[in-house]
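In what follows, a structure is listed as structure tokens, so that the remarks can point back to it.
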Amino acid sequence: MRLLITILGKATGYLTLIIVFIAAILKYLDYSDPVSFTSMAVNMESLEEDFRLQNKSCFILGATGETGRLLLKELLDRNLFSKVTLIGRRRVSFEDKAYEKLVQEVVDFEKLDDYATAFQGHDVGYCCLGTTKAKAGAEGFIRVDHDYVLKSAELAQAGGCSQFHLESSKGADKSSSFLYLKVKGQVEADIEALGFDRFSIYRPAVLLVDRQESRPGEWMARKVLSSCSFMFPTMSIPIQAVTRAMVSNTLLKPEHKTEILENKAIHTLGTNTTT
Ligand SMILES: NC(=O)c1ccc[n+]([C@@H]2O[C@H](COP(=O)([O-])OP(=O)(O)OC[C@H]3O[C@@H](n4cnc5c(N)ncnc54)[C@H](OP(=O)(O)O)[C@@H]3O)[C@@H](O)[C@H]2O)c1
């Protein structure tokens, strides 16, 4: 019996050591994510005031989705733009008075050229558009996440928009053998080639959000990752941090025309800025 207890004790000890070792490696890898933005505790108040005085206008693509909806709320709460336009495939109704000044443009994404006017006259564009292969099939996914997004960016630029903020994905890489990452990387590259004065790419990991739509795989990943998100902060991210980072980053001056905010940078900006 004593022998069994000794063996069990040793086994538990070894197991703990192995877990700690693996956790340490993962944490190291997690933190070795390239970070292009490291500013901490930026006070946004005066930046916001300056920005408001410029009377800029913006549009949001995908404002009916999880990120887009919250991005819209963040933009309205911070009251940064004199005009906010939603461009989407359907009109949405809002009860809150804060939403009454919104402009909504309903477009057919298959015939975007016919809706060029919807993209005219905006200073800033935000894109949270996207679907999944499970929902739209491989071709449909490419159509939405690449073709619709790129065409929208082209029309926006032709209409005078100087900066474009794209919600992409962690691991986006046009050479990837995974369709999702490849498409995300390709659309990033194609939009970069358009030459916006500013192109900001956000690459969040798994979004932590209580999604209205059922996505079992994503639900499972969220459950696992949210319980250990403190340990591996770059494998997941609360959706609020993403939208807050997108808005706060708009107020900051980028070092380069194209900037990439990896998950950790989004986390830092989305949780450490104060207003
Ligand atoms: N989920 C994640 O964990 C994760 C992680 C990293 C990056 N991302 C990326 O982040 C972006 C936003 O993700 P999300 O989860 O917030 O998106 P979401 O909730 O699925 O919303 C997607 C938006 O795109 C629109 N859309 C989808 N298919 C469309 C179509 N065929 N025609 C026109 N509009 C269409 C939707 O409009 P309707 O409301 O009309 O359907 C909605 O506004 C996506 O590009 C996604 O790939 C997601």
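Any value given below was found using the heavy atoms of this structure, including those in side chains, with hydrogens, waters and symmetry copies removed.
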In Å and rounded to the nearest 0.5 Å, what is the [atom1] to [atom2] distance from [X] to [Y]?
| X | Y | atom1 | atom2 | result |
| --- | --- | --- | --- | --- |
| I60 | L72 | CD1 | CG | 4.5 Å |
| N249 | L251 | CG | CG | 8.5 Å |
| L61 | I87 | CG | CD1 | 5.5 Å |
| L261 | I201 | CG | CD1 | 9.5 Å |
| T243 | L75 | OG1 | CG | 8.5 Å |
| R244 | D77 | CZ | CG | 9.5 Å |

Which residues end up grouped with I142 if you chain together Ile, Leu, Val, Met, Phe, Trp and Tyr wherever their side-chain heavy atoms are less than 4.5 Å apart? F141, F178, L179, Y180, L181, V183
Under 4.5 Å side-chain heavy-atom separation, chaining through any Ile, Leu, Val, Met, Phe, Trp or Tyr, what else clusters with L53? Say none if it is isolated. none
So which heavy atom on [X] is nearest to which on [Y], and how close?
| X | Y | answer |
| --- | --- | --- |
| F51 | L80 | CD2-O, 3.6 Å |
| A118 | V107 | CB-CG1, 4.1 Å |
| F196 | A153 | CZ-O, 3.3 Å |
| S236 | L208 | OG-CD1, 3.7 Å |
| A205 | N263 | N-OD1, 2.8 Å |
| L150 | V187 | N-CG2, 4.2 Å |

Is the backbone N or O of [Y] less than 3.5 Å from a side-chain atom of [X], with the two atoms forming a donor-acceptor pair by type?
| X | Y | value |
| --- | --- | --- |
| S57 | G121 | yes |
| R69 | A63 | no |
| T250 | M246 | yes |
| R52 | N79 | yes |
| Q157 | L194 | yes |

Who are the salt bridge (Lys or Arg N to Asp or Glu O under 4.0 Å) partners of D114, not counting sequence neighbours? none
Return yes if a side-chain donor-acceptor contact under 3.5 Å exists between [X] and [Y], otherwise no.
| X | Y | value |
| --- | --- | --- |
| R198 | S200 | yes |
| H165 | Q163 | yes |
| S169 | Y202 | no |
| D123 | Q54 | no |
| Y148 | E110 | yes |

Result block: side-chain N/O donor-acceptor pairs under 3.5 angstrom for residues 94-104, not counting sequence neighbours:
from	atom 1	to	atom 2	distance (Å)
D96	OD1	A98	N	2.9
Q104	OE1	V92	N	2.9
Q104	NE2	V92	O	2.6

Assess the residue pair F119 and L112 against the criterion (side chain to side chain contact (heavy atoms under 4.5 Å, CB included)); give the C-alpha distance rounded to whole Å, side-chain angles, the decisive distance to 0.1 Å, and a yes or no. CA-CA 10 Å; F119 292 87; L112 275 178; 3.9 Å; yes
Salt bridge between R78 and E48, side-chain N to carboxylate O under 4.0 Å? yes
Give me the ring orientation class for Y126 and F81: parallel if the planes are under 30° apart, tilted from 30 to 60°, perpendicular past 60°. perpendicular
According to the salt bridge (charged side-chain N to carboxylate O under 4.0 Å, His left out) rule, which pairs have a member within residues 148-163, sequence neighbours left out? D113-K151, K151-E154
If a pair satisfies side chain to side chain donor-acceptor pair (under 3.5 Å) and one of its residues is in residues 182-191, list it, with sequence neighbours excluded. D145-K184, H146-D190, S168-E188, Q186-D190, E188-R203
